[in-house]
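Values reported hereafter were calculated over all heavy atoms of this structure, with side chains retained and with hydrogens, waters and symmetry mates removed. Each chain gets a letter, A, B and so on, in the order the sequences are listed, and its residues count up from 1.
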2 protein chains.
Amino acid sequence: MTSNITTADEDFIPCQHEYRVNCGNCRLNSICLPLTLEDDDIVQLDDIIQRSKPLQKGQHLYREGDEFQSVYAVRSGALKAYKTTDDGREQVTGFYFPGEILGMDGISKNVHDSSAKTLETSAVCEIPFSSLSKLSTLMPNLQHHFFQLMSQRITEDQVLITLLSKNSADERVAALLLSISSRNARRKLSPTHFRLPMSRVDIGNYLGLTVETVSRVFSRMQKLEMLRVDNKEIEILDAQAVRTMANVSS
Amino acid sequence: MTSNITTADEDFIPCQHEYRVNCGNCRLNSICLPLTLEDDDIVQLDDIIQRSKPLQKGQHLYREGDEFQSVYAVRSGALKAYKTTDDGREQVTGFYFPGEILGMDGISKNVHDSSAKTLETSAVCEIPFSSLSKLSTLMPNLQHHFFQLMSQRITEDQVLITLLSKNSADERVAALLLSISSRNARRKLSPTHFRLPMSRVDIGNYLGLTVETVSRVFSRMQKLEMLRVDNKEIEILDAQAVRTMANVSS
DNA sequence: CGACCGCTTGATCATAATCAAATTTTGTGG
DNA sequence: CCACAAAATTTGATTATGATCAAGCGGTCG
């Protein structure tokens with residue numbers, strides 16, 4: 001892990017000059033868990049958080065059925081959460097980017113209800129749930145923010161439910177691109193030019209489509225000059241056209 | 001509301017001899033919010049809860065965009081939660097039966113993210129969220145249980161996502177019937193013989209199918225002698241066959 | 001009684017799945 | 001660095017599932 005070979009990984013190289021990351025100096029703290037906290041409180045939150053070594057692409061953070069201990073904040077990289085159906089197919093339930101929290105589905109039964117796997121080299125902050133609960137009783141702001149985070153997960157799932165239930169393949173793919181674009185914007189990255197960390201299969205398993213259909217939609221969007229697609233590299237050429245294709249007011 | 005006209009409503013007539021309902025004597029308290037609480041704590045919870053007059057069929061509990069104030073526990077009857085898409089179609093995000101909690105999607109933005117409407121005459125308990133939050137900081141059990149309820153909502157939404165994404169019309173309808181059946185069992189009602197409170201359109205808008213398809217699936221299930229369908233009255237004749245059709249291990 | 005609503009059934013059509021194959025990209029070892 | 005194998009992606013042809021369009025039935029309410 002001390003190697004400094006630069007991989008083909010497109011993401012920023014983590015700051016080397018401030019290795020001792022904490023919530024107070026993390027550049028994600030304005031969109032992550034500390035969002036609503038005072039400086040004093042952030043220090044306490046910081047105390048319970050464990051920061052991971054980088055995880056290699058394809059590693060599991062947890063698996064469906066594992067005992068639930070912690071929720072996780074993505075520090076760098078990207079992950080997918082997914083469930084495996086009885087007949088062995090994979091339903092991707094979400095993609096997670098830096099600053100986003102995953103694992104909250106494990107709270108209800110104290111067992112992870114889905115698996116989480118890195119899509120590229122990633123690092124996460126582990127937040128032991130028992131400590132978070134305890135701290136939440138002392139810090140109403142934190143409790144409220146965590147309620148909000150769970151509620152946000154619910155509203156986002158409801159958006160996906162609607163997308164799967166009512167929208168065409170074109171609309172689903174366009175909506176996913178817009179979602180990734182706006183999440184990039186939130187992290188001050190380009191909303192029009194980015195690299196998809198997930199495969200076409202993952203996209204299909206998220207949107208309820210086959211790989212072939214996903215690929216065809218990308219081709220169609222390219223032909224219409226809305227998009228430039230170079231393998232995983234995406235450039236949105238006509239954002240308005242993509243919004244129109246997504247058929248949502250956002 | 002002091003009238004004692006009995007409607008055509010199939011549900012049990014609420015106990016008249018104990019009008020002053022509270023959480024301590026509510027027959028749903030073993031599956032509802034008080035689940036994990038001690039007697040003393042139940043009394044405190046009871047203090048913040050407001051019980052509604054019966055709501056007529058078709059009345060709204062809240063609408064998408066309303067300011068979020070409270071979550072609600074169903075006391076009797078049944079409700080649907082739904083979102084209206086930009087092009088005016090309706091996505092039903094859930095059906096709610098006695099003992100179940102709805103409205104948690106409003107926490108994240110302090111605005112209801114969906115609408116809730118009664119499917120038949122119903123009564124609910126209103127739980128002001130600010131009071132619930134405050135009480136939760138004092139009662140770790142309550143905080144934990146509410147975290148669990150939200151997490152359960154998330155896992156249930158993920159099941160629906162998978163259903164919509166991967167399963168056929170037959171499988172979706174069969175899965176819904178099994179879900180209603182097991183929720184009836186939880187309330188000590190018959191798991192094989194019940195009345196559906198929602199219309200075929202509602203079922204379609206929940207499962208991402210048209211009315212016609214829903215109706216055809218019911219017909220098919222009747223022809224296969226798995227089910228007896230008399231309008232909204234359902235009798236499951238061969239539960240194993242329904243499980244097989246649903247194609248889930250549950 | 002008649003209009004309307006919810007539900008069912010039938011015929012046809014469209015979208016995306018499936019099957020099949022070519023092509024590009026990636027990873028690995030020499 | 002190149003060669004080769006494996007994996008991922010794209011494209012094409014055909015098919016199947018459920019949507020759409022259309023009509024009829026039965027019950028309810030004014």
Gap between atoms [atom1] and [atom2], on [X] and [N] respectively (whole Å):
{"X": "B/M221", "N": "C/dC7", "atom1": "CE", "atom2": "P", "answer": "17 Å"}
{"X": "A/Q56", "N": "C/dG27", "atom1": "CD", "atom2": "P", "answer": "12 Å"}
{"X": "B/L227", "N": "C/dT8", "atom1": "CG", "atom2": "P", "answer": "11 Å"}
{"X": "A/D230", "N": "C/dT26", "atom1": "CG", "atom2": "C1'", "answer": "14 Å"}

Counting any heavy atom closer than 4.0 Å, what does B/K166 reach on the DNA or RNA strands: base, sugar-phosphate only, or nothing?
-> nothing
Backbone of [Y] reached by a side-chain donor or acceptor of [X] within 3.5 Å:
{"X": "A/K80", "Y": "A/L119", "result": "no"}
{"X": "B/S179", "Y": "B/A175", "result": "no"}
{"X": "B/E120", "Y": "B/P197", "result": "no"}
{"X": "A/S151", "Y": "B/S108", "result": "yes"}
{"X": "B/S114", "Y": "B/K83", "result": "no"}

Near-strand residues of residues 89-97 of chain A, defined as heavy-atom separation under 4.0 angstrom from DNA chain D |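 Heavy-atom cutoff 4.0 Å gives no residues at all.
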Rounded to the nearest 0.5 Å, what's the gap from [atom1] on [X] to [atom2] on [Y]? Could you check?
{"X": "A/E64", "Y": "A/T84", "atom1": "CD", "atom2": "OG1", "answer": "5.5 Å"}
{"X": "A/N247", "Y": "A/E171", "atom1": "CG", "atom2": "CD", "answer": "4.5 Å"}
{"X": "B/I236", "Y": "B/N184", "atom1": "CD1", "atom2": "CG", "answer": "9.0 Å"}

side-chain contact (heavy atoms from CB on, under 4.5 Å) between B/Y82 and B/N205: does it pass, once the steps are laid out?
-> CA-CA 9 Å; B/Y82 65 98; B/N205 284 337; over 6 Å; no
Start and end of the DNA chain D segment that chain A contacts, any atom under 4.0 Å from a heavy atom | D/dT9 to D/dA13
Sugar-phosphate or base contact per nucleotide [nucleotides 9-17 of chain C; S, B, -; heavy atom under 4.0 Å] | BBB----SS
B/M226 side chain near B/Q240 side chain, heavy-atom distance below 4.5 Å = no
Side chains of A/L102 and A/V124: does their closest heavy-atom pair fall under 4.5 Å?
->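 A side-chain contact under 4.5 Å is absent here.
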